[in-house]
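First up is the structure itself, then whatever we jot down about it.
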Amino acid sequence: MPTANNAIRMTEIVNVRTESPTVKTFTFTDRLCGKAKPGQFVMLWLPGIDEIPLSIMDVNNGLVSVSVKAVGDATRHMHNMEAGTLVGVRGPFGNSFIESRGRVLLVGGGTGTAPLLFLAKQLSAKTERLSFVEGAKTKDELLFVRELDGICSGKNLITTTEDGTAGLQCLVTQPLGELLDKERFDMIYTCGPEVMVKKIFEMTEQRKLPLEASLERLMRCGIGLCGSCVIGKYRVCRDGPVFTAAQLREVADELGISKLGFDGSRIPV
Amino acid sequence: MPTANNAIRMTEIVNVRTESPTVKTFTFTDRLCGKAKPGQFVMLWLPGIDEIPLSIMDVNNGLVSVSVKAVGDATRHMHNMEAGTLVGVRGPFGNSFIESRGRVLLVGGGTGTAPLLFLAKQLSAKTERLSFVEGAKTKDELLFVRELDGICSGKNLITTTEDGTAGLQCLVTQPLGELLDKERFDMIYTCGPEVMVKKIFEMTEQRKLPLEASLERLMRCGIGLCGSCVIGKYRVCRDGPVFTAAQLREVADELGISKLGFDGSRIPV
Amino acid sequence: MESNLLGISFAGLSLENPTILASGILGYTAESLKRVAKGGAGAVVTKSIGASPRAGYPNPTVVQAEAGLLNAMGLPNPGIDVYSEEIKYAKTVLRVPLFVSVFGYSADEYASVASKAVEAGADAVELNVSCPHVKQTGAEIGQSPKFLSEVVEKTKAAVNKPLIVKLSPNVADITVLAQAAIEAGADALTAVNTLKAMAIDTETMMPILSNVKGGLSGPAIKPVALRCVFDIAEQFEVPIIGCGGITDWRDAVEFFLAGASAVEIGTAVADDDEVFRTICRGIETYLRKKHYGSVKEIVGLAHRK
Amino acid sequence: MESNLLGISFAGLSLENPTILASGILGYTAESLKRVAKGGAGAVVTKSIGASPRAGYPNPTVVQAEAGLLNAMGLPNPGIDVYSEEIKYAKTVLRVPLFVSVFGYSADEYASVASKAVEAGADAVELNVSCPHVKQTGAEIGQSPKFLSEVVEKTKAAVNKPLIVKLSPNVADITVLAQAAIEAGADALTAVNTLKAMAIDTETMMPILSNVKGGLSGPAIKPVALRCVFDIAEQFEVPIIGCGGITDWRDAVEFFLAGASAVEIGTAVADDDEVFRTICRGIETYLRKKHYGSVKEIVGLAHRK
Ligand SMILES: Cc1cc2nc3c(=O)[nH]c(=O)nc-3n(C[C@H](O)[C@H](O)[C@H](O)COP(=O)(O)OP(=O)(O)OC[C@H]3O[C@@H](n4cnc5c(N)ncnc54)[C@H](O)[C@@H]3O)c2cc1C
Ligand SMILES: Cc1cc2nc3c(=O)[nH]c(=O)nc-3n(C[C@H](O)[C@H](O)[C@H](O)COP(=O)(O)OP(=O)(O)OC[C@H]3O[C@@H](n4cnc5c(N)ncnc54)[C@H](O)[C@@H]3O)c2cc1C
Ligand SMILES: Cc1cc2nc3c(=O)[nH]c(=O)nc-3n(C[C@H](O)[C@H](O)[C@H](O)COP(=O)(O)O)c2cc1C
Ligand SMILES: Cc1cc2nc3c(=O)[nH]c(=O)nc-3n(C[C@H](O)[C@H](O)[C@H](O)COP(=O)(O)O)c2cc1C
Ligand code: FES
Ligand code: FES
């Protein structure tokens, strides 16, 4: 219902930065999203094209950034956008990662790294140790390596690529298993492709470790009404996108398996 | 448009007091009207009967009082109301008397004395001298004499009755002329029948004295929209009910002469 | 420069700006209309006037809703014979066009009131067709293409000034009524009047308006009014006055983009009688920022594919 | 005690309380419906289901308005064949009646989808008649008494469960449609669906909804919805579900007083999925204070003269 954050604000893209061959970061000003917390997302209206959910990657003095991978019409359109383009913003929506102290581990895959970078920045000063494991297909697609390297002070950043062009040649889950067995973590955060999230959830469950994972589902309203984004009894847009291990347990039969398609039928993730 | 004071609040009459054979005072609780200033009025909804404008006579700790003269259906209905009756309140509406220091004179006729009593209470501590002239047909109809007597410390209260049953036997305007010629006043306030107000306006104009007068007109919306209450270019509900001498000059051709009837045509006052 | 950007010619009348006082708002007296004109309105519409005096309904006649107002005044008006004097006087004090709003219970009555209004000096006539039709109780003339045609035709024949028909939103398809009005000779349309609505007090369990049902105005109805204007502009070339819930320049611009050439403002006048000036300034700034030379250039732009 | 005050029997179904989830709100999956039921709803309505899958319109599909929401989802739904499985599963997990909302492009399609829904376990069928009719493009079935009759008759013949017809407010006189539905065999009516409306962005000069026009819901439409319920209850004995802008117990009570036996809640669920419980508590407190023994006793009381 009428809330300030759900009203569309038109704003200009003030900066576009290329992060990788498939990912660009777009920065715009927005007062409300400027107060967003890591894990929250915006609905970005691309007039005449689409309106899509995007995680907030950074907020800085009223400047808000999102990192977008070109995968279809809307995101490809964004990749052709230049500074000065008008977009509409609703949000911030959803919950956020709960800050943890002690030793924390972040595991990111693909653009899932974006909200975790935002989280890492926020946690870095507050945690005893901050480790980051990032995976990608190939070197060029490893996002934010320099930024993460700075935050994790070198040896706590592990990168993996499937083709071995950088870091370890394996899936992100491989070094993770070793890490989890070797070190004690007070909290693990993850965001990325759902099959990866699911695997990580299984690994933390086995070891009885706490986890917060950010999920993606088809979003329309963004405010918990339309039901497009549900997983089990939860609305990803409103109860999520960040879910705890306990909540993930409740939706284990859907996690990494099925979601609702545009027509509301269950389709494979 | 939507404003808190324009929303109808249902409240119970908590007290009914007889002031005179034709006037009763009704007290109810209302948070918003509890903050009203002298001169402001409420729209009181008598369910199934009517909704009528009434000046606020007193506010005290969230308790709001209006003094009502039985003149027709709605007001007679009110006179039959007991404590416990539900009424609807909108308001407070309109502007208020502007506080003045120094020597002030208040001139009230009939229920017009009600808002002036409210004003007198507020001014008494702040003014150098507070004089009150009140007129009525007969002794029984002189309102709030005891209260005013207390406020004006005896000799500054002059009362007149047409039949001489109390005070001077004359119209209120007679002692007023003498008073205005004899003493210097920094501000004169008046409220009462419009012919009285008009006469007083003429007297203060002759003597180039400042005046604030509260007027009555047919009210429907109470918020400056419907146009029922206009006098000249002014909306009594919104720009008034209190008008300055300068404003009264602008509407001199209507003051005490004509107003709009229920059908919007000009009728004699 | 100011008048260049905002000046329009509407149904043959020239307006300094496209914001107009809606009917029923402070519309009884010449002095009130003059004040509103001084507040920046480009034209003013009178309260709706009928053939004979009507006192209207008892209070409550206005109730607040969530984002608007509900009113059931009951068409109080002094009747055209008395009101003609006010029109004459208004013409001597007003520097903006005066539209007289007219209602009736039959086509002949509409025509006769309208012609008297024009004789008295009305620059244009706006037909308020949202009132019950006697022959078909309960329904509005503005809900029946047949009755509407008849009313518009007869009135058109009786007056030599622009004839504006103000449509009701309480219909299944407003374009059907728009078409009827246009074909019968309307020079322009106003869209829309209020939405039929009501409020009940839970304490007394009673409808609040003395007339039980009334019309909803204000921001609540803006999205509906805008859709009505868009619907009409999609199909017809007729000049349209957008009306319903306009509070700021953005609202006004939405209506221009939807296809309105001018806008009427009602409920928002309660908050601010300089609302016309404020809105005009906003529209101007908008036009300048977007490099348009006239408000006319943005009319209907939301229809571009 | 609680269930005594709020329990109702509606069109032959027994509901623990008279608050119902409106169609289209979280209505795809059994798990979501269950959650809403746990939030206190007395019954739940599914998303509207058609004969075959529909992806709906692209985003934006939801836009905020002044005191409500505009939506144009485009009836996304998996089609009744797939959805029947969800209905079956829902019946195993739900402890409140399940109403399946049905739409179609012809009377036969309505009837066929409805009968499949009932076969799968629907406790009642709600017909969503606010969708375009193929034979008469643009207009809604719910705007034509003739088409509506046909749809209701055919569907009624095809199902042996209560048939609820959800009416559109986008009509000149809702009682005409109510009458058509009742005479064709509707067991109950829901009033109302959304008001046709739109929004335009002034910066890009474009309609915001991808479908240009959509439906207005939420507090903005409450006074209109309430008037619709009052209009119907004034003329007919039929059980009515009030719907439109209900946010708190006061709103719900207004609808009961206007003549509704139950209420559906949509938009307000976004703010609070315990809204049903909160509203039920409020109604109960109200009934106690007023010394009523059941919510049934206040239905229609605003009609007393
Ligand atoms: C909470 C959330 C946060 C996200 N954050 C990011 C991010 O930071 N960076 C990023 O690149 N991507 C992010 N996404 C994914 C992004 O929304 C989709 O990639 C985008 O919508 C695809 O649109 P498209 O038109 O380019 O592709 P399409 O060809 O339309 O679709 C490609 C795939 O994208 C997904 N998708 C399409 N539309 C939507 C929609 N309305 N809602 C959800 N998913 C959709 C579907 O899985 C679809 O199959 C996020 C998604 C969610 C739900
Ligand atoms: C700003 C203002 C403050 C007022 N304060 C008081 C007050 O403190 N005490 C008091 O006793 N009276 C006050 N009045 C007058 C009071 O509103 C009327 O006496 C009352 O409305 C009469 O209603 P009725 O049904 O009893 O009489 P009716 O028989 O309906 O009318 C008698 C006369 O009262 C006036 N009146 C009726 N309805 C209205 C209306 N809606 N608005 C204005 N006048 C109306 C008309 O002059 C009418 O001829 C005030 C009026 C105004 C405008
Ligand atoms: C108090 C009030 C009185 C009205 N009286 C009339 C009237 O006499 N004739 C008419 O055509 N419209 C009348 N209207 C409708 C307005 O002219 C306008 O169409 C409607 O209020 C929508 O515009 P808004 O939202 O800007 O107020 C009235 C509206 C209000 C609020
Ligand atoms: C996002 C959304 C989707 C809707 N989908 C449907 C639908 O599929 N079928 C239907 O009959 N009504 C649908 N509606 C209308 C609602 O059921 C309800 O009639 C309307 O929203 C008014 O109630 P409210 O103000 O409580 O939301 C939808 C409403 C919204 C907001
Ligand atoms: S996107 Fe609509 S409920 Fe989540
Ligand atoms: S009472 Fe309506 S304008 Fe004053």
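Only a predicted model underlies this, so the values are computations on that prediction, with no experimental measurement involved. Computed from heavy atoms alone, side chains included, the values below leave out hydrogens, waters and symmetry copies. Every chain is numbered from 1 and lettered A, B, ... according to where its sequence line falls, protein lines coming before strand lines.
Only the side chain of D/Tyr286 comes within less than 4.5 Å of a heavy atom in chain C; its backbone stays farther off. Both the backbone and the side chain of D/Leu226 come within less than 4.5 Å of a heavy atom of chain C. Only the side chain of C/Leu216 comes within contact range of chain D, with heavy atoms under 4.5 Å apart.
Side chains of C/Arg227 and D/Val212 form no contact here, defined as non-hydrogen atoms less than 4.5 Å apart. Side-chain contact between D/Glu203 and C/Lys290: present, with at least one pair of heavy atoms (C-beta onward) separated by less than 4.5 Å. A heavy-atom distance below 4.5 Å is found between the side chains of D/Met205 and C/Ile298. Side-chain contact between D/Asn170 and C/Val171: absent, with no pair of heavy atoms (C-beta onward) separated by less than 4.5 Å. Within the 4.5 Å cutoff, the side chain of C/Glu254 has no heavy atoms near those of the D/Asp201 side chain.
Of the listed residues (C/Phe255, C/Phe230, C/Trp249), the greatest number of heavy-atom pairs within a distance under 4.5 Å of chain D belongs to C/Phe230. Chosen from D/Leu257, D/Thr202, D/Val63, the residue pairing most often with chain C at heavy-atom distances under 4.5 Å is D/Thr202. Heavy-atom pairs under 4.5 Å with chain C were tallied for D/Gly245, D/Ala172, D/Ala199, D/Ala220; the largest tally goes to D/Ala172. Chain C forms more heavy-atom pairs under 4.5 Å with one residue of D/Ser168, D/Gly214, D/Pro223 than with any other, namely D/Pro223.
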- D/Asp231 vs C/Lys213, salt bridge (charged side-chain N to carboxylate O under 4.0 Å, His left out): CA-CA, chis, key distance, verdict: CA-CA 10 Å; D/Asp231 278 350; C/Lys213 295 166 208 168; 2.5 Å; yes
- Task: Check step by step if side chain to side chain contact (heavy atoms under 4.5 Å, CB included) holds for C/Val224 and D/Val224.
- Result: CA-CA 12 Å; C/Val224 176; D/Val224 176; over 6 Å; no
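Listed here is the closest heavy atom pair of D/Ala67 and C/Ala67: CB-CB, 3.4 Å.
For the atom pair CG (C/Leu195) and CG (D/Leu195), the distance works out to 6.0 Å, reported to the nearest 0.5 Å.
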